[in-house]
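What follows is one structure encoded as structure tokens, with my remarks underneath.
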Amino acid sequence: MKYVRFVAAFLIYTIIDVGWNLSPIATGMYERLYEASGNKGMFDAFGRQMDTWGGVEISAILAFLLLIAFGNSYLAIEPALKEGSLLRAVKNSFVLGCAAYATYIIPIYLQISTWPAALIPIDILIGGLLSLITSTVVAAAFILFHLNRD
């Protein structure tokens, strides 16, 4: 069942992460923050456009998604199920997501002088929430499944 939970975490995280990043809310927010930082062209110039992605880019995003799913499974979902505590999944996954996103946003901010400072807490919070949603949904589904079997 651990593998099923891992796959579920991978799928849920991937869906909500892609959904968030492609949403008009997120793209509009990022565009406004880049413009406010004095770098109107950064939003269009930063990163690689998805239509130009090849094997390296696909491998990189797949590695991230697999690692974050593993982290959520190992550090939040499994401990929550062992304790029978959904709150454990909520707490552990939020900390994991915040830490994961902080490890990329802070170095980017320090390296790119025009990077919007407002993105630091925003992206850290988004990372925490994406992991929280993933682990909470998976743990809750398996807790309910277990309760309904008994």
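Keep in mind that the numbers below use all heavy atoms, side chains included, and drop hydrogens, waters and symmetry copies.
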Practice prompt. Give a yes or no answer on whether the side chain of Ser93 reaches the backbone of Val90 with a donor-acceptor pair at less than 3.5 Å.
Written response: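 Side chain of Ser93 to backbone of Val90: a pair is present.
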[X] [atom1] to [Y] [atom2] distance, which is reported to the nearest 0.5 Å:
X: Asp123; Y: Ile108; atom1: CG; atom2: CD1; answer: 8.0 Å
X: Leu129; Y: Ile133; atom1: CG; atom2: CD1; answer: 6.0 Å
X: Cys98; Y: Ile126; atom1: SG; atom2: CD1; answer: 10.5 Å
X: Leu130; Y: Leu96; atom1: CG; atom2: CG; answer: 11.0 Å
X: Ser85; Y: Lys91; atom1: OG; atom2: NZ; answer: 7.5 Å
X: Leu22; Y: Thr27; atom1: CG; atom2: OG1; answer: 8.0 Å

hydrophobic_cluster_shared for [Y] and [X], side chain cutoff 4.5 Å:
X: Leu67; Y: Leu65; answer: no
X: Leu86; Y: Val95; answer: no
X: Tyr104; Y: Val56; answer: no

Requested in this report: Give a yes or no on this: more than 12 heavy atoms of other residues, nucleotides or ligands lie within 6.0 Å of atom CD1 of Ile25.
Outcome: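 No.
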Return yes when atom CZ of Phe64 has more than 12 non-hydrogen atoms of other residues, nucleotides or ligands closer than 6.0 Å, and no otherwise.
->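 Yes, the 6.0 Å shell around CZ holds more than 12 heavy atoms from other groups.
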Quiz prompt | side-chain contact (heavy atoms from CB on, under 4.5 Å) evaluation trace for Leu33 with Ile122 | solution = CA-CA 11 Å; Leu33 287 170; Ile122 291 169; 3.9 Å; yes
- request: If the plane angle is over 60° it's perpendicular, under 30° parallel, otherwise tilted; pick one for Phe145 and Phe142.
  value: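 Plane angle over 60°, so perpendicular.
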* Hey, could you give me each pair passing side chain to side chain donor-acceptor pair (under 3.5 Å) that has a residue in residues 58-70? Not counting sequence neighbours. =>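 Not a single pair qualifies under side chain to side chain donor-acceptor pair (under 3.5 Å).
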N/O donor-acceptor pairs under 3.5 Å from side chains in residues 2-16, not counting sequence neighbours:
unit_1 : atom_1 : unit_2 : atom_2 : d
Arg5   : NE     : Glu78  : OE2    : 2.6
Arg5   : NH2    : Glu78  : OE1    : 3.0
Arg5   : NH2    : Glu78  : OE2    : 3.4
Tyr13  : OH     : Tyr101 : OH     : 2.7
Thr14  : OG1    : Phe10  : O      : 2.7

Distance-minimising heavy-atom pair for Ala26 and Trp20: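 So the minimum-distance heavy-atom pair works out to CB-O, 3.0 Å.
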Is the shortest heavy-atom distance from the side chain of Asn92 to the side chain of Ser135 under 4.5 Å?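 With C-beta onward as the side chain, the pair stays apart.
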I need the single residue from Leu119, Ile120, Thr114 that forms a side chain to side chain contact (heavy atoms under 4.5 Å, CB included) with Pro116. Which is it?
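Result: among Leu119, Ile120, Thr114, Leu119 is the only option passing the side chain to side chain contact (heavy atoms under 4.5 Å, CB included) with Pro116.
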